[in-house]
Novice: 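I have a structure I would like to understand better, so I am pasting it below and will then ask my questions one at a time.
The figures that follow rest on heavy atoms only: side chains count, while hydrogens, waters and symmetry mates do not. Lettering of chains follows the sequences in order, A, B, ..., and the numbering in each one begins at 1.
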Number of protein chains: 2
Amino acid sequence: MTRPLRADAERSMRSILEAAERVLSVQPTASLEQVAEAAGVARTTIHRRFASRQALVDALALAAAAQLRDAVDSAHPDTAPPLVALHQATANVLRTKRSWRFALEQADIPGSAAFADQVALAQRCVELLGRARDQGVLAADADLEWTRRVFYALIGEAIHGHTFDAADETDPDLLAGRIVDTLLHGAGPRA
Amino acid sequence: MTRPLRADAERSMRSILEAAERVLSVQPTASLEQVAEAAGVARTTIHRRFASRQALVDALALAAAAQLRDAVDSAHPDTAPPLVALHQATANVLRTKRSWRFALEQADIPGSAAFADQVALAQRCVELLGRARDQGVLAADADLEWTRRVFYALIGEAIHGHTFDAADETDPDLLAGRIVDTLLHGAGPRA
DNA sequence: CATAAATGCAACAGCAGTGTCGCAGTTCAT
DNA sequence: ATGAACTGCGACACTGCTGTTGCATTTATG
């Protein structure tokens, strides 16, 4: 139970977390000094809120994991038709992951504070894929866990290329279409 | 032109590079002290061969990139039937990438000394995919560059899971089959 | 076997990042 | 407006890694 932060403290907090993502996504080993500068804050202020560098990264990962969960939720993954949900969730995740690349990488590290959240999310992903399989969107004998990993890998790959910006490489909906299509049918000839 | 190394120096060299891969793949920020210990060598010996930490990493990446090139070459990617070459190259690359995970990650970083090699290799990959397309293994309208990226992503994903060891997760040939199958047909129902 | 090369060891300087503290000045809450 | 919370600033100690040097010792090579 920490008592509520004052309004300005809350603002500093956000500035720091956003700056941390910005700076660390470019250079994961950047110093807290650089983060502080990007946040428009003194380095000591960071240390007041976060006991250590690790604590900052954990908080960042936790916040990003929550964002990601919301992004998935808003695609109604367990009520909408599987194919629709899959597409929508993919587009939403792309948007979120683009903005929180570093944080979400951290969240996937076993030791991380947000790791449990990510595992839970993966579980929900498998459930969605299960519904997809039941409705014939996936092959009846599809390995759901492998399919999930492929799905994740495709998303990760799409984020990478995102560094450059061609028109069709930037739009999350176009990309999502490509990803889902590849996930379902691959690159081989269509029957 | 550096004159040839003495036999024992050559051995030290190999020990250092192998130890570096072993240690840095577990902890990329590990100190040269730890690398030296793992190599059974004094830290100063490392500094004699490699002017800086970066020089060591570059040499490591260069060696690994060469290994990877050989692994691809031995699959005869531009003479064997595309599907066969694809499978064989995948299996070989999996074996190599498993042993040189850290080094090959470094090689893919734009600033790296081995980056040019990796770009050239990607080019050859696209050529193989082009042959595959011409022979109907890939769809006639397949985007070769996107296909290559998907291919790479699948391989990367397969390497990840490799941390744990179930029987079918460890065998490169089984994995290669799964990867190529997924690349060509995805997870959807087969016509 | 004689020489040159390579190594281990110990010590040193330098540097950068982390984390802590006290204090003076400001901003918010009531 | 008054007290409490928050911040910036400067300073400090501490730690760990890097890179270098000198010297004694071992090891390969011709």
Side-chain angles (χ1 to χ4, degrees), chain A residues 1-61 63 102-103 105-106 109 111-113, chain B residues 1-61 63 102-103 105-106 109 111-113:
Chain A
M1 278 282 128
T2 55
R3 64 162 156 284
L5 289 176
R6 229 172 64 177
D8 52 351
E10 188 95 24
R11 255 176 289 146
S12 298
M13 198 90 171
R14 290 196 176 281
S15 295
I16 292 171
L17 288 176
E18 287 168 9
E21 167 59 37
R22 242 178 300 142
V23 172
L24 297 180
S25 69
V26 175
Q27 230 213 358
T29 64
S31 70
L32 295 187
E33 182 69 52
Q34 294 174 265
V35 173
E37 188 186 350
V41 155
R43 184 174 62 93
T44 47
T45 300
I46 294 184
H47 280 105
R48 279 196 196 90
R49 300 292 156 207
F50 306 98
S52 69
R53 183 195 182 90
Q54 189 55 43
L56 168 60
V57 172
D58 280 347
L60 190 59
F102 172 80
E105 271 173 26
Q106 294 303 310
I109 296 175
S112 166
Chain B
M1 278 285 130
T2 55
R3 64 162 155 281
L5 290 175
R6 231 172 63 176
D8 53 351
E10 188 96 26
R11 255 176 288 144
S12 299
M13 199 89 171
R14 292 197 174 281
S15 295
I16 293 170
L17 287 175
E18 288 168 9
E21 167 61 35
R22 243 177 300 141
V23 171
L24 297 179
S25 69
V26 174
Q27 232 213 358
T29 64
S31 70
L32 296 187
E33 181 69 51
Q34 295 174 263
V35 174
E37 188 186 351
V41 154
R43 183 175 63 92
T44 47
T45 299
I46 294 183
H47 280 105
R48 278 199 198 88
R49 300 293 158 207
F50 306 98
S52 68
R53 182 193 183 92
Q54 188 56 42
L56 168 60
V57 172
D58 281 348
L60 190 58
F102 171 81
E105 272 173 26
Q106 294 303 310
I109 296 176
S112 166

Novice: Polar atoms only, N or O, under 3.5 Å: list the protein pairs with nucleotides 16-18 of chain D and their distances.
Specialist:
{"unit_1": "D:dT18", "atom_1": "OP1", "unit_2": "B:Arg53", "atom_2": "NH1", "d": "2.6"}
{"unit_1": "D:dT18", "atom_1": "OP2", "unit_2": "B:Leu32", "atom_2": "N", "d": "3.1"}

Novice: Would you compute the distance between atom OG of A:Ser52 and atom CD1 of A:Ile46 and round it to the nearest 0.5 angstrom?
Specialist: 12.0 Å
Novice: Is any side-chain heavy atom of B:Leu60 closer than 4.5 Å to a side-chain heavy atom of B:Phe50?
Specialist: no
Novice: Does a side-chain N or O from B:Thr45 land closer than 4.0 Å to OP1 or OP2 of C:dG8, or not?
Specialist: yes
Novice: Would you call A:Gln27 and A:Phe102 a side-chain contact if the rule is heavy atoms closer than 4.5 Å?
Specialist: no
Novice: What is the distance, rounded to the nearest whole Å, between atom CG of A:Leu56 and atom C1' of C:dT18?
Specialist: 13 Å
Novice: Looking at A:Ala19 and A:Val35, what are the two nearest heavy atoms and their distance?
Specialist: CB-O, 3.7 Å
Novice: When rounded to the nearest 0.5 angstrom, what distance separates CZ in B:Arg53 from CG in B:Leu56?
Specialist: 8.0 Å
Novice: Quick one: A:Phe50 CZ to C:dT18 P, roughly how many Å, whole number?
Specialist: 14 Å
Novice: Heavy atoms, side chains only, cut-off 4.5 Å: are A:Gln54 and A:Asp58 in contact?
Specialist: yes
Novice: Would you give a per-nucleotide map of nucleotides 24-30 of chain D, 5' to 3', where B means the base has a protein non-hydrogen atom under 4.0 Å away, S means only the sugar-phosphate does, and - means neither?
Specialist: ---BSS-
Novice: To the nearest 0.5 angstrom, please state how far the CG atom of B:Leu32 sits from the CD1 atom of B:Ile16.
Specialist: 10.0 Å
Novice: Return the value, rounded to whole Å, for the distance between atom CZ of A:Arg48 and atom P of C:dT20.
Specialist: 12 Å
Novice: Does the side chain of A:Thr44 reach to within under 4.5 Å of the side chain of A:Arg48, using non-hydrogen atoms?
Specialist: yes
Novice: With nearest nucleotide decided by heavy atoms, which residue, A:Arg49 or B:Thr44, maps closer to the 5′ end of DNA chain D?
Specialist: A:Arg49
